[in-house]
Amino acid sequence: MTGKDFGKVAVLMGGRSAEREVSIMSGTGVLKALRSQGVDAHAFDPAERDMSELKRDGFARCFIALHGRFGEDGTVQGALELLGIPYTGPGVMASAVAMDKLMTKRIWVAEGLSTPAWRQVRSAAETRAAFEALGSPMIVKPVREGSTIGLTKVVSADQCEAAYALAAQQDPMVMCEQFIAGDEVTCPVLGTGGSARALPVIRIVAPDGNYDYQNKYFTDDTQYLVPCGLPEGEEAAIQALVLKAFLALDCRGWARADVMIDAATRKPYLLEINTSPGMTGHSLVPMSARAAGISYEDLCVRLLATAALDNA
């Protein structure tokens with residue numbers, strides 16, 4: 001397809017989630033890339049405009065560059081289904097499930113895929129009990145939030161109350177998760193069904209092992225290693241695991257899964273999957289794609305070409 005074949009395209013960016021700032025960065029990059037390839041692309045912020053305007057203004061496709069709730073959780077996808085406008089990324093159910101870390105883990109466990117042990121908690125007292133069960137360190141985080149927002153690494157019981165309060169500020173559903181010490185990696189998937197393929201694995205080396213919101217998006221101190229430097233067999237095993245995780249949730253188009261590799265056993269554990277990954281200058285899908293010989297501009301066009309509806 002050439003740029004003109006896509007028709008009028010809306011790049012959805014901004015939105016109402018805690019990741020609004022990053023979404024605008026992603027969307028701005030995508031918008032520039034699509035226009036450079038001859039696509040009639042326009043910015044559209046659902047926080048400032050009613051979604052019905054997409055139909056009124058004649059948009060033929062949407063590139064979703066929204067992150068977090070009200071953009072990555074099936075809500076915008078559902079609105080686009082009703083409007084009949086094809087969109088990038090997974091559909092309504094896959095997006096909603098992937099945004100909910102508890103539901104994601106339940107499906108992965110049912111499919112026999114490895115993920116760290118966890119507990120859902122509803123109070124500081126339950127968080128403390130989870131700490132006793134899961135051990136130290138322990139991760140406390142909101143169930144339906146991304147980019148490490150509201151996340152705390154707990155190393156002592158007296159941190160549990162503050163960790164729970166911070167997570168609960170973002171989402172009434174809070175979970176505690178066993179901490180896996182070892183290499184942190186991420187792996188994107190492009191495609192749908194039998195054509196889906198895992199891209200090169202990226203190994204993340206953050207300052208003091210702290211890959212938080214600041215180190216993800218606003219500093220140059222984090223190292224991203226691609227080629228990842230892992231033994232060839234380990235990288236292939238992670239790619240196979242991530243592809244299974246993607247298909248288990250019925251994802252389509254693209255996504256990126258985060259994985260921890262246990263330093264002692266070298267076993268990989270799935271943490272979560274992002275169904276509208278970042279497309280900023282620090283983002284990982286473009287980095288992995290580039291290692292596979294796919295430019296940022298080509299990646300954006302390829303993703304736009306996969307725009308679809310659940311029931312079309």
Side-chain angles (χ1 to χ4, degrees), residues 22-23 25-34 36-37 63-65 67 72 88-90 98 146-148 182-207 209 211 215-247 251-261 263 266-306:
V22 176
S23 172
M25 293 164 60
S26 287
T28 300
V30 170
L31 184 66
K32 181 180 178 182
L34 292 177
S36 76
Q37 301 304 299
F63 190 116
I64 298 179
H67 308 315
E72 196 172 352
T88 57
S147 291
T148 66
D183 290 320
E184 183 170 2
V185 300
T186 193
C187 180
V189 176
L190 297 184
T192 300
S195 69
R197 295 290 182 269
L199 293 182
V201 171
I202 298 175
R203 184 157 56 96
I204 301 163
V205 183
Y211 191 45
N215 284 328
K216 278 187 176 184
Y217 300 111
F218 301 106
T219 73
D220 294 316
D221 298 330
T222 300
Q223 292 181 279
Y224 302 102
L225 305 179
V226 54
C228 61
L230 297 173
E232 185 176 339
E234 281 194 13
E235 179 169 19
I238 290 165
Q239 289 174 311
L241 176 65
V242 166
L243 186 56
K244 288 178 182 177
F246 178 90
L247 295 174
C251 292
R252 68 165 188 250
W254 70 321
R256 196 198 78 239
D258 299 329
V259 178
M260 290 297 299
I261 306 170
R266 303 308 297 172
K267 179 178 179 178
Y269 289 85
L270 292 159
L271 298 182
E272 60 182 88
I273 192 163
N274 302 280
T275 56
S276 182
M279 290 291 281
T280 73
H282 283 75
S283 292
L284 303 177
V285 176
M287 193 180 302
S288 176
R290 191 162 56 246
I294 305 169
S295 70
Y296 185 94
E297 292 77 12
D298 189 25
L299 175 63
C300 291
V301 172
R302 286 191 188 198
L303 293 172
L304 185 60
T306 68

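Along the sequence shown, residues are numbered consecutively beginning with 1.
The side-chain heavy atoms of Asn274 and Asp258, taken from C-beta on, include a pair separated by under 4.5 Å. The shortest side-chain heavy-atom distance between Val205 and Thr222 does not fall under the 4.5 Å cut-off. For the pair Ile294 and Leu190, the minimum side-chain heavy-atom distance is below 4.5 Å. With a 4.5 Å cut-off on side-chain heavy atoms, Arg266 and Ile261 count as touching. Counting heavy atoms from C-beta outward, Thr306 and Arg252 have side chains that stay 4.5 Å or more apart. Under the 4.5 Å side-chain criterion, counting only non-hydrogen atoms from C-beta, Thr275 is not in contact with Ile64.
Interatomic distance, CG of Asp298 versus CD of Gln37, reported as 7.5 Å (0.5 Å rounding). The CD atom of Glu272 lies 8.0 Å from the CZ atom of Arg256; values are rounded to the nearest 0.5 Å. A distance of 11.0 Å separates SG in Cys228 from CD1 in Ile204, rounded to the nearest 0.5 Å. Note: Ile238 CD1 to Leu243 CG = 13.5 Å, rounded to the nearest 0.5 Å. Note that CD1 of Ile202 and CD of Glu235 are 10.0 Å apart. Values are rounded to the nearest 0.5 Å. If you take OG1 on Thr28 and CE on Met279, they are separated by 12.0 Å, rounding to the nearest 0.5 Å.
Minimum heavy-atom separation, Gly27 to Ala65: CA-CB, 3.7 Å. Summarising the geometry of Val30 relative to Tyr296, their closest heavy-atom pair is N-OH, 3.2 Å, with the distance given to 0.1 Å. When all heavy atoms of Trp254 and Phe246 are compared, the closest pair comes out as C-CE1, 3.7 Å. Smallest separation of non-hydrogen atoms from Val242 and Ala257: CG1-CB, 3.7 Å. Scanning all heavy atoms of the two residues, the minimum distance from Thr280 to Ser26 falls at CG2-OG, 3.4 Å. Heavy-atom minimum distance, His282 versus Met287: O-CE, 4.2 Å.
Judged by distance alone, the side chain of Thr88 and the main-chain N or O of Leu304 form no donor-acceptor pair under 3.5 Å. Distance alone, capped at 3.5 Å, places no donor-acceptor pair between the His67 side chain and the Glu72 backbone.
Residues satisfying the side chain to side chain donor-acceptor pair (under 3.5 Å) test with Gln239, not counting sequence neighbours, are none. Residues passing the side chain to side chain donor-acceptor pair (under 3.5 Å) test with Ser23: none are found, sequence neighbours excluded.
Exactly one residue among Ser288, Pro286, Pro277 makes a side-chain contact (heavy atoms from CB on, under 4.5 Å) with Pro188. That residue is Ser288.
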